[in-house]
There are 2 protein chains.
Amino acid sequence: MATIHDVALRAGVSPKTVSRVMNDHESVSAKTRERVRLAMQALDYHPNAVARGLRAQAAPAVGILMGDPSGGYQTRIHHALMVACLQNGRHLSAELVEGDLAGWQDRIRAFVTEGGIREMVLLPPECDFAPLKALLREHDVRCVLISPTSPDSLSPSIVMDDRAAAREVVEHLFSLGHERIGHIAGHPDHAASTLRRNGFNEAYAAAGKPRPDPALIVPGDFSFKGGLAGAQALLDMDDPPTAIFAANDDMAAATCMEAQRRGLKLPDDLSVVGFDDAPIAAAIWPSLTTIRQPFDQMTQRAITALNAWSANAALGKAAATILTQHSLVIRESTGPVRAG
Amino acid sequence: MATIHDVALRAGVSPKTVSRVMNDHESVSAKTRERVRLAMQALDYHPNAVARGLRAQAAPAVGILMGDPSGGYQTRIHHALMVACLQNGRHLSAELVEGDLAGWQDRIRAFVTEGGIREMVLLPPECDFAPLKALLREHDVRCVLISPTSPDSLSPSIVMDDRAAAREVVEHLFSLGHERIGHIAGHPDHAASTLRRNGFNEAYAAAGKPRPDPALIVPGDFSFKGGLAGAQALLDMDDPPTAIFAANDDMAAATCMEAQRRGLKLPDDLSVVGFDDAPIAAAIWPSLTTIRQPFDQMTQRAITALNAWSANAALGKAAATILTQHSLVIRESTGPVRAG
DNA sequence: CCACCGCATGACATCGCTGTCGGACTGAGC
DNA sequence: GCTCAGTCCGACAGCGATGTCATGCGGTGG
């Protein structure tokens, strides 16, 4: 494996000059630069990222915290982030977080101190955990939050308007004639859950309709199993809803499953809407009407924000909030309310 | 951030001694050892993994190549590997591979040379790509293959018996009275596809039945969309099968969707079996009968193999093949063939 | 002709850790 | 008292890159 020293030797310059050429630094004469370039090519030289990391006192990677992969939200973000990193010549280093924060604390500290991670992308629900953010701040880790509920004044945030999206879902159902709409809420730890529920309620007010029956809002946890329980509760009602808006696609899929088990025909007997446009949304029958988030754009912007921050250390103080555009994807799981 | 030097100062010893204590090396008197331990605790010292990596000429992480996350197979392995790494005090570093090998080659080379990755876990389909393995070998990267089709004499392999599993699927269908069974094959690039198809055929021979109608085997690609096309082809036949065995769960889910679109009642009108026990298998209605692979065990063993290899460099030469046990998970998508 | 300046480049130290080598000390044996 | 072996430990160098500072050079102005 060629080192900077070998290149220097071959090019007849000092290692420092090779370093300068690599980093487009300061003034190096065109002739020298060319000679160094040639030597690098001839030796198939690749700078050692670990050594750079030691010198720079930072790992050559952006950190990401990954929890439970079920639901696919996190998986899709992770994949999109890898693509974005690739395009920006960066690397991603993932650390597992499962269970409660207390359990992670040491691990995250180790991730940051031992692993030398100085930049991190935080996903829901971790992006909303104040103690975690405090811990990272304490270690001077630059964070970019993807989809936090309340943007952080100290970290750039890539957000989407969960409330507006939920309102659009309900308006779509209104337009199909549904009035009695059930809602299976998300995991109480995810702040997005509250936003979606609020959006659900607001749609009624915005349409000048009476406040929806509180019994139509049942708790959930974003899991398939939780969705099953929620759907059962709603469909067991004496006066069941004609449409159900689940706070994510997994629970919506569970709702479809439960309804079909009971012999209901979708969407004729029941309309179902999810949230996230997870792969499962298009993989079940009927395919799910849902809200799509622009992951590619979000992750691309997250990395861009980190780049900008690196380029200008002052940026952290005026953390930007970047709003991304969601969209309602209408598929087969929603239809007009049945007459009668 | 405390360094080894700070600890040494506080403990009144040399940095080297602190290093020895950390690595349980050679002889350090109990008293000194204790003093160093105390100093480490007092300073909340954590060794810098980047510096260690530079010294050791290796990144402090195990590499993994990740392609398209759809289907969830890779995602689940990745998650299980993170858990296994955590338990073994290691880290995982993922690199994206999409498109053809030619495109990756440089990236993987950079991953290995710049990133300093010296150990890697290879998943399907990459674990079956000879040029990739040659490239990695050339750079002295220790690889463990998860589920390769033909174990590699130079790398430990964690395998499962795809053929036997496929046979079990067909035998299960036989036991329910099905004779006319369709098969949607997997992606031709994945060697497992062939194994599963062979297992499918072998089951007929093993049961003393005539060779299945070749028209009942249609091509697929492991994607939901491909499954849809396969199911359409099978269900459009003049004499459609009474059961369909798809080479993975995504295609099985697609088969269910297509069948339901056509008004078929599952499993009464059609039995469906998948492969992998992906989350979607339990998330659709009817839930899928499928083959489960023991991911936790597989990944745990992969890391164990790397540990053993590190401990004894000679191991690489006598690469072990570790067989893991799959199981048939019977759910709601399979039932007795309808009389008539 | 000298003082001075700016550009291109190199020498050296350093990031945190660990392998190598050798030194200091202990105690046993003569 | 001296040697020798063994134990415990430290000085030093070096992994590969880069920041800091110094140096040599040619050119400009007085």
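Lettering follows sequence order; numbering is per chain, from 1.
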message = Expected output is a numbered-order residue list: members of residues 30-41 of chain B with a heavy atom under 4.0 Å from any atom of DNA chain D. What is it?
response = B:Thr32
remark   = Note: chain B reaches DNA chain D at heavy-atom distances under 4.0 Å over the stretch, first to last nt, 5' to 3', of D:dC8 to D:dG16
message = Side chains of B:Val83 and B:Asp296, heavy atoms from C-beta outward: is any pair under 4.5 Å?
response = no
query = How would nucleotides 12-19 of chain C be written as a contact map, 5' to 3', with B for base contact, S for sugar-phosphate-only contact and - for no contact, using protein heavy atoms under 4.0 Å?
reply = --BBBBBB
inquiry  = How long is the straight-line distance from CD of A:Glu95 back to SG of B:Cys85, given to the nearest 0.5 Å?
reply    = 10.0 Å
task = Report the C-alpha distance between B:Lys16 and B:Ile4 in whole Å, list the side-chain angles of each, state the deciding distance to 0.1 Å, and finish with yes or no for side-chain contact (heavy atoms from CB on, under 4.5 Å).
result = CA-CA 9 Å; B:Lys16 177 66 210 186; B:Ile4 198 173; over 6 Å; no
key: A:Ile322 side, atom CD1; A:Met160 side, atom CE - distance, nearest 0.5 Å   = 15.5 Å
B:His139 and B:Ile117, any side-chain heavy atoms less than 4.5 Å apart = no
key: Results of ring-ring contact (aromatic ring centres under 6.0 Å, His included) for B:His187 - residues two or more places apart only   = B:His190
inquiry  = Any base atoms under 4.0 Å from A:Val50, or only sugar-phosphate, or nothing? Heavy atoms, all strands.
reply    = nothing
note = Residue set satisfying ring-ring contact (aromatic ring centres under 6.0 Å, His included) with A:His79, at least two apart, ordered chain then number -> none
inquiry  = Looking at every heavy atom in both A:Trp309 and A:Pro156, which two are closest together, and how far apart are they?
reply    = CZ3-CD, 3.5 Å
Side chains of residues 50-66 of chain B: which donor-acceptor pairs under 3.5 Å do they make with residues two or more places apart or in other chains?
none

task = Kindly assign one of parallel, tilted or perpendicular to the pair A:His91 and B:Phe111, based on the angle between their ring planes and the thresholds 30° and 60°.
result = parallel
